[in-house]
2 protein chains.
Amino acid sequence: MKTLSDKQSRIIDFLHRFLNERGYPPTIRDIQNGCQISSTSVVEYNLRILEREGHIRRVREISRGIELGARRVVRVPIIGHIAAGEPIPVPTSDSWNMEELESLELTEELTRGKEGVYALKVKGTSMIDALIGDGDLVLMQQVATAENGEMVAVWLKREREATLKRFYLESGRVRLQPANEEMAPIYADPENVAIQGKVIGVIRKL
Amino acid sequence: MKTLSDKQSRIIDFLHRFLNERGYPPTIRDIQNGCQISSTSVVEYNLRILEREGHIRRVREISRGIELGARRVVRVPIIGHIAAGEPIPVPTSDSWNMEELESLELTEELTRGKEGVYALKVKGTSMIDALIGDGDLVLMQQVATAENGEMVAVWLKREREATLKRFYLESGRVRLQPANEEMAPIYADPENVAIQGKVIGVIRKL
DNA sequence: ATTGTATTAGAACAAGTGTTCGAGGAGAGA
DNA sequence: TCTCTCCTCGAACACTTGTTCTAATACAAT
């Protein structure tokens, strides 16, 4: 990738600022004014280069048809809370009905493009062994089964307990390993373990 | 806020999808086709209502001049890592020079519009008492001083130790309280405490 | 029936906007 | 000097797009 000319990095910079401030991309003439460029064709010329070099993507013939990078924003519903003695909420078809529901806006940097992502708010300190505290938000992905080593939300039927642990299926039993490695694992009967979702992230706002 | 008509929620929905998929807002005619609406003036009519009700913001006379909600995306630089025995990196003027630096794209939902936000990657398990594990990302805000009760990154000069704790200035001494309330606080001489930044969030990707 | 409000239809205008083109300048290398 | 490439200039064209206007329909309240 060649090094950007002064004018080109000014354009990229302006693109970021404009998009951030206004919510929609600039026109060629916006760029012209914003970057003190003398002619629209000079802008066009440089945009062509920036596109060739992969810095931006353009949709031709369309006003403001400029994108830069993947700035996808995803709306994730907070479908409930997770606490020691309560069952873990599982997404149902109507819990995706955002409009009313509390929700979280995240970049795909965090959801990593996964489908069926939702969030749970942690109540209480019962998940401390997973390095998760009161008020933290747990990012979950809807899954049917889990791979060994993945962090999952499990419901222990017999104990009527909800917890977040790393999941390992060993010969005939399930090992649930706390994230805090200094703590001892729990062993459980596979029948007793209901996997409610995969944990793909934790967010703590202070 | 009145309840949205069917057509209106279809429009809001379409707006979200279009913006998410293409990176720029739709034209009125895009909306017309996308929502099976018969005339541009019907779209105009409903957009006017949506604007009045505060669901969207429009910039008149400008193509694709539609914004919905604050979907501001912020680029946060990861300026270094934080580990037990190492000094905590502090942002310098040139560490904001994103282009080369590793960085994180977040919504303002997480930075909450704060200025001077940066991130540090945690190495090792020394911050476990703050419920922060290896590989976690700590969102920091550049500050000169801290209020009582805020979570701060401190450098204990004498002990040559970096840690994240809640900060309390008590008569003549500083109390540093681990986030995990079961653990005992540390008391330190104010002279020995260098506040490197305020912790505004934690992000864990799994 | 009458009035009024909310909504829709279709068309047309004017400004916004991407694109193109020919001509020209600046600098590097032969 | 000649030539080549990279870059600039200004204007013009044609399509895109926001806006507006008039007429028409639906439906409830008076």
Side-chain angles (χ1 to χ4, degrees), chain A residues 1-69 99, chain B residues 1-69 71:
Chain A
M1 186 201 303
K2 279 212 215 119
T3 158
L4 273 53
S5 85
D6 170 63
K7 200 166 309 199
Q8 279 154 26
S9 50
R10 268 212 323 273
I11 292 181
I12 290 285
D13 220 54
F14 178 75
L15 244 36
H16 271 109
R17 246 178 317 141
F18 194 100
L19 210 43
N20 234 22
E21 279 169 21
R22 323 269 288 257
Y24 50 84
T27 66
I28 289 192
R29 285 171 179 84
D30 285 335
I31 300 174
Q32 185 191 352
N33 295 327
C35 299
Q36 332 258 27
I37 294 176
S38 45
S39 171
T40 58
S41 47
V42 175
V43 178
E44 165 71 17
Y45 174 77
N46 285 289
L47 284 182
R48 232 175 246 273
I49 295 176
L50 287 173
E51 186 180 20
R52 173 154 33 86
E53 304 278 332
H55 290 94
I56 60 174
R57 211 141 41 95
R58 294 181 73 190
V59 184
R60 294 326 204 75
E61 314 255 326
I62 273 198
S63 71
R64 302 170 193 273
I66 303 178
E67 303 175 68
L68 36 70
E99 297 302 324
Chain B
M1 187 201 305
K2 278 211 217 117
T3 159
L4 272 53
S5 86
D6 170 64
K7 201 166 310 202
Q8 278 153 25
S9 50
R10 270 218 316 278
I11 291 181
I12 290 284
D13 221 53
F14 178 75
L15 245 35
H16 272 109
R17 247 178 315 141
F18 194 101
L19 211 43
N20 235 21
E21 279 169 21
R22 323 268 288 257
Y24 50 84
T27 66
I28 289 192
R29 286 172 178 84
D30 285 334
I31 300 174
Q32 185 191 353
N33 295 328
C35 300
Q36 332 258 26
I37 295 175
S38 45
S39 171
T40 58
S41 50
V42 177
V43 179
E44 165 71 16
Y45 175 77
N46 284 288
L47 284 182
R48 235 175 244 273
I49 296 175
L50 287 173
E51 186 181 20
R52 174 154 33 83
E53 305 277 333
H55 291 94
I56 61 173
R57 212 142 41 96
R58 295 181 72 190
V59 184
R60 294 328 204 74
E61 314 255 328
I62 273 200
S63 70
R64 304 171 193 272
I66 303 177
E67 301 175 69
L68 35 68
R71 57 177 48 258

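Below, chains carry the letters A, B, ... as their sequence lines are ordered, and counting in each starts from 1. The figures here come from the full heavy-atom set of this structure, side chains too, leaving out hydrogens, waters and symmetry mates.
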Asker: Pick base, sugar-phosphate or nothing for Ile49(B), based on heavy-atom distances below 4.0 Å to the nucleic acid.
Answerer: sugar-phosphate
Asker: Separation of Leu50(A) atom CG from dC6(D) atom C1', in whole Å?
Answerer: 15 Å
Asker: Using whole Å, report how far CG of Asp6(A) lies from P of dC6(D).
Answerer: 19 Å
Asker: I need the minimum non-hydrogen distance between Pro26(B) and Phe14(B), along with the two atoms involved.
Answerer: CB-CE2, 4.0 Å
Asker: In whole angstrom, give the distance that lies between atom OH of Tyr45(A) and atom P of dG22(C).
Answerer: 18 Å
Asker: Using only side-chain N and O atoms of Asn46(B), determine if any of them is under 4.0 Å from OP1 or OP2 of dT8(C).
Answerer: yes
Asker: Any donor-acceptor pair under 3.5 Å linking the side-chain atoms of Thr40(A) with those of Arg29(A)?
Answerer: no
Asker: Report, as a single string ordered 5' to 3', how protein heavy atoms within less than 4.0 Å touch nucleotides 13-28 of chain D: B base, S sugar-phosphate only, - not at all.
Answerer: ----BBBBB-------
Asker: How many whole angstroms separate atom CD of Gln32(B) from atom C1' of dA11(C)?
Answerer: 12 Å
Asker: How about Ile31(B) and Ile66(B): do any of their side-chain heavy atoms sit closer than 4.5 Å?
Answerer: yes
Asker: Once you round to the nearest 0.5 Å, how far does OH of Tyr24(A) lie from OG of Ser63(A)?
Answerer: 11.5 Å
Asker: Taking all atoms of both residues into account, what is the closest heavy-atom pair of Ile11(B) and Leu50(B), and its distance?
Answerer: CG2-CD1, 3.9 Å
Asker: Excluding sequence neighbours, so at least two apart, what forms side-chain contact (heavy atoms from CB on, under 4.5 Å) with Glu51(A)?
Answerer: Ile56(A), Arg58(A), Arg60(A)
